[in-house]
Participant: 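Supplied in structure tokens, the structure appears directly below.
What you are looking at is a predicted structure, and each value in this text was computed from that prediction instead of being measured.
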Amino acid sequence: MKVIKAKSAGFCFGVKRAVDTVYEQVKENQNLPIYTYGPIIHNEEVVKDLEQKGVIVLRSEEELDTLERGTVIIRSHGVAKDVYDRLESKKIQIVDATCPFVKKIHNIVQKHSEVGENIIIIGNPEHPEVQGIKGWAGDHVEVFQTKEEAENYSCEQGKKICIVAQTTFNYNKFKELVEILEKKSYDVSVLNTICNATKERQTEAQSIAETVDAMIVIGDKHSSNTQKLFEICRKACNNTYYIQTLGDLDLNQLGSVETVGITAGASTPNNIIEEVQNNVRIIF
């Protein structure tokens, strides 16, 4: 009986930095309200803990407009430029916890759009990271994530195109979509902005899933990178389970297996991972 935990499981650098930033602000600002614009990360357990410490999650620009004082912490996924502009006009303290890798994409698309290039963002248009990137990309920006969307894309000949990716997008799928676009003979510059930690996490998860009888993927249901880990693992191992906490896992389902793999998304706290790992070991 063997349990294999991915070395890459759990908080990535950007997520840890963002979460640590909020807890530091809670300690330092006892007398002023503290807000995050959107959940600081995609993990309900972390967000609930912060709310218990008095941190308020702002979920719309309308809520933002009602603020008169306090500190607003920008979520790890980042936000559009107009959100910064609103906050600065209100003279509210801004603490920017945007992942540095996401911030780099903001700078890239802003720079390329300012010289007249079209921007393509390969990623989930509903994801807050992608919505934030789009808000720095000017007026000529497209977002897509499917082969059909890439095949149907067109723009005027001679127009330069800058392609970037959501940091947690599947690398192989990104390459596939880029190849479709490059065949259209446009003047394309491709910037692979998928985070190295994402690629390493996905590669390791697939490698483990290919060798075990069952695979457990831990992370919030709204976490994009966890969803992609689950898809990758399920292709390699039919007995793959997607859970948010130990309470979501029926340990009896693992009773007949000999090897179990465990991985977790970039927004999953280590204490949750360890709890799952320890309980899985007990039944073995």
Participant: In terms of relative ring orientation, are Trp136 and Tyr84 parallel, tilted or perpendicular, with 30° and 60° separating the classes?
Facilitator: perpendicular
Participant: Going by the rule side chain to side chain donor-acceptor pair (under 3.5 Å), which residues pair with Glu149 if we only count those two or more places apart in sequence or in a different chain?
Facilitator: Thr146
Participant: Salt-bridge test for Lys103 and Asp96: reply yes if a basic N is under 4.0 Å from a carboxylate O, no otherwise.
Facilitator: yes
Participant: Determine yes or no for a side-chain-to-main-chain donor-acceptor pair under 3.5 angstrom, with Lys184 supplying the side chain and Tyr153 the backbone.
Facilitator: yes
Participant: Of the non-hydrogen atoms in Thr226 and Ile218, which two are nearest, and what is the gap between them?
Facilitator: CG2-O, 3.7 Å
Participant: Dump the intermediate steps for ring-ring contact (aromatic ring centres under 6.0 Å, His included) on His127 and His42, then the final yes or no.
Facilitator: CA-CA 11 Å; His127 193 279; His42 274 159; 5.4 Å; yes
Participant: Checking Lys221 against Tyr242: charged group under 6.0 Å from the ring centre and within 45 degrees of the axis?
Facilitator: yes
Participant: Tell me if the NZ atom of Lys159 is crowded by more than 12 foreign heavy atoms within 6.0 Å.
Facilitator: yes
Participant: Let me know which of Glu61, Glu63, Glu62 forms a salt bridge (charged side-chain N to carboxylate O under 4.0 Å, His left out) with Arg86.
Facilitator: Glu61
Participant: Check side chain to side chain donor-acceptor pair (under 3.5 Å) between Lys16 and all other residues, then give those that pass, not counting sequence neighbours.
Facilitator: Asp20
Participant: Please identify each residue that fulfils side chain to side chain donor-acceptor pair (under 3.5 Å) with Glu204, with sequence neighbours left out.
Facilitator: Ser8
Participant: Run Lys199 and Thr203 through side-chain hydrogen bond (donor to acceptor under 3.5 Å, both in side chains) and show every step you take.
Facilitator: CA-CA 6 Å; Lys199 287 187 282 188; Thr203 300; over 6 Å; no
